[in-house]
Student: 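Handing you this structure, nothing more for now.
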Amino acid sequence: MIVSPSILSADFSKLADEIRDVERCGADWLHLDVMDGVFVPNLTFGPVIVDAVNRISDLPLDVHLMIVEPLKYVERFARAGADWITFHIEAEDRPLETIKAIHAQNVRAGISISPPTEVKRLEPFLSMIDLVLVMSVNPGFSGQKFMPSVLPKVRWLREKREKEGHDFLISIDGGINAETAPLAADAGVDVMVSASYIFGSSDRCRAIQSLKSL
Ligand code: DX5
Ligand code: ZN
């Protein structure tokens, strides 16, 4: 299992220490939640912080854009050091162009779907993308409750990938902890994103290892 701690629950007053801590504990990627206060009812950070994290860490940066018109910002996040750029299908009228723009920057492209969105909406893009991020909470905040009702999306993606020979990874994001992670693993995810469970744990290494071993 690939584990991608979301720094949304880290202590930003000592971000470098927080990142080194999860790196030492075996984190595979770092998940960076970019929010614009329009697509979601919360604001976080933009390319300046992505660039700072890139200078602190050698881990692949898994940038999750929860912003409207992501196509406009692809180049800026790529320049800041993103290795993966994932945008929301609900936020972009030109998904094809967005995927192409991400690939043109030599960055891997992902599409995310919020809980109310039908997974079939991703069908036309599955042969082109490198990752599908299935949201298991409504995007906007860490620390929300996992929604098991999204797990059939993971199973559908898994089957589709097998049948049609695609090679995107399946990631899950929201409410992942010791109880919910095994459910997501059973459904077939490749990547676990987790903020509060990892950063809020008194033993972060144990939390990361518990996800990695699934
Ligand atoms: C939510 C973000 C998530 C969030 C996960 O909109 O996309 O990445 O940080 O937080 P937890 O793991 O606490 O649910
Ligand atoms: Zn996220």
Side-chain angles (χ1 to χ4, degrees), residues 1-12 15 18-19 21-22 25 27-47 49-50 53 59-68 70 73 77 82-92 108-117 129-151 153-154 169-185 189-202 204 206-208 210-212 214:
M1 189 66 68
I2 295 168
V3 178
S4 189
S6 159
I7 64 165
L8 194 55
S9 292
D11 181 342
F12 274 73
L15 189 56
E18 296 280 82
I19 286 172
D21 205 28
V22 292
C25 290
D28 299 291
W29 299 353
L30 289 172
H31 184 87
L32 306 184
D33 287 307
V34 176
M35 304 188 191
D36 66 354
V38 180
F39 180 68
V40 285
N42 195 10
L43 282 164
T44 57
F45 50 79
I49 298 288
V50 175
V53 171
L59 293 180
L61 303 186
D62 166 28
V63 175
H64 179 190
L65 298 181
M66 285 161 276
I67 63 174
V68 295
Y73 300 94
F77 283 102
D83 297 281
W84 299 77
I85 295 179
T86 297
F87 64 95
H88 271 262
I89 192 72
E90 305 88 358
E92 183 55 69
R108 306 212 194 187
I111 305 188
S112 185
I113 34 167
S114 294
T117 307
I129 54 181
D130 306 293
L131 179 125
V132 175
L133 179 64
V134 176
M135 290 297 303
S136 40
V137 297
N138 284 313
F141 300 91
S142 57
Q144 303 182 75
K145 205 167 167 276
F146 182 77
M147 299 165 73
S149 56
V150 305
L151 291 175
K153 293 182 187 176
V154 174
L169 294 175
I170 306 169
S171 180
I172 193 142
D173 185 9
I176 289 294
N177 58 38
E179 285 75 48
T180 58
L183 304 175
V189 304
D190 308 293
V191 184
M192 298 259 184
V193 175
S194 168
S196 51
Y197 173 59
I198 291 176
F199 282 99
S201 168
S202 55
R204 291 171 176 175
R206 227 183 79 188
I208 289 173
S210 76
L211 300 180
K212 271 179 89 107
L214 286 167

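As the structure is a computational prediction, the values presented were derived from the model and not from experiment. Read the numbers this way: they start at 1 and go in the same order the structure lists the ligands and their atoms.
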Student: Do T44 and D33 have side-chain atoms, one donor and one acceptor, less than 3.5 Å apart?
Tutor: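 No, no side-chain donor-acceptor contact under 3.5 Å.
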
Student: When you measure from the Zn ion (ligand 2) to each N, O or S atom of D173, which atom gives the shortest distance?
Tutor: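 Nearest N/O/S atom of D173: OD2.
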
Student: Quick check: does L8 get an N/O under 3.5 Å from an N/O on ligand 1?
Tutor: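 For ligand 1, there is no N or O atom that lies under 3.5 Å from one belonging to L8.
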
Student: Please check if any side-chain donor atom of H64 sits under 3.5 Å from a side-chain acceptor atom of D62, or the reverse.
Tutor: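 No.
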
Student: When you measure from atom 1 (C) of ligand 1 to every protein heavy atom, which one gives the shortest distance, and what is it?
Tutor: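 Answer for atom 1 (C) of ligand 1: F141 O, 3.7 Å.
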
Student: For M135 and ligand 1, does the shortest N/O to N/O distance drop below 3.5 Å?
Tutor: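 For ligand 1, there is no N or O atom that lies under 3.5 Å from one belonging to M135.
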
Student: Consider only side-chain N and O atoms of Y197 and T180, and report whether a donor and an acceptor are under 3.5 Å apart.
Tutor: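 The answer is no; no qualifying pair exists.
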
Student: Counting non-hydrogen protein atoms only, what is the nearest one to atom 12 (O) of ligand 1? Give residue, atom name and distance.
Tutor: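 That would be A195 N, 2.8 Å.
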
Student: Looking only at protein heavy atoms, which one is nearest to atom 10 (O) of ligand 1, and how far off is it?
Tutor: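 Nearest protein contact, heavy atoms only, for atom 10 (O) of ligand 1 is S142 CB, 3.1 Å.
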
Student: Would S142 and S9 satisfy side-chain hydrogen bond (donor to acceptor under 3.5 Å, both in side chains), going step by step from the backbone distance to the final call?
Tutor: CA-CA 7 Å; S142 57; S9 292; 3.2 Å; yes

Student: Do me a favour and list the nearest non-hydrogen protein atom to atom 6 (O) of ligand 1 with residue, atom name and distance?
Tutor: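 Atom 6 (O) of ligand 1 sits closest to the protein heavy atom G140 N, 2.7 Å.
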
Student: Any N or O of H64 that comes nearer than 3.5 Å to an N or O of ligand 1?
Tutor: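 It does: an N or O of H64 is found under 3.5 Å from an N or O of ligand 1.
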
Student: Residues in side-chain hydrogen bond (donor to acceptor under 3.5 Å, both in side chains) with K212, at least two apart?
Tutor: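 K212 satisfies side-chain hydrogen bond (donor to acceptor under 3.5 Å, both in side chains) with D28 only.
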
Student: Any nitrogen or oxygen of N138, side chain or backbone, less than 3.5 Å from one on ligand 1?
Tutor: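 No; the residue has no nitrogen or oxygen that sits under 3.5 Å from a nitrogen or oxygen of the ligand.
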
Student: Around atom 13 (O) of ligand 1, find the nearest protein heavy atom and jot down its residue, atom name and distance.
Tutor: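 Protein heavy atom at minimum distance: S196 OG, 2.5 Å.
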
Student: Counting non-hydrogen protein atoms only, what is the nearest one to atom 14 (O) of ligand 1? Give residue, atom name and distance.
Tutor: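 Looking at atom 14 (O) of ligand 1, the protein heavy atom closest to it is G175 N, 2.7 Å.
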
Student: For the Zn ion (ligand 2), give me the closest N/O/S atom belonging to D33, just the atom name.
Tutor: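 Going by distance to the Zn ion (ligand 2), the closest N, O or S atom in D33 is OD1.
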
Student: Could you identify the N, O or S atom of H64 positioned closest to the Zn ion (ligand 2)?
Tutor: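 Of the nitrogen, oxygen and sulfur atoms in H64, the Zn ion (ligand 2) lies nearest to ND1.
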
Student: Using modelled atom types and a 3.5 Å cut-off, is there a donor and acceptor pairing between side-chain atoms of R204 and backbone atoms of F199?
Tutor: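 Yes; judged by distance alone, with no hydrogens or angles, the pair exists.
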
Student: Does the N or O separation between D173 and ligand 1 drop below 3.5 Å for any pair?
Tutor: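 Yes, since at least one N or O of D173 sits under 3.5 Å from an N or O of ligand 1.
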
Student: Using non-hydrogen atoms of the residue, decide whether F146 is closer than 4.0 angstrom to ligand 1.
Tutor: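 Per 4.0 Å heavy-atom rule, F146 does not contact ligand 1.
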
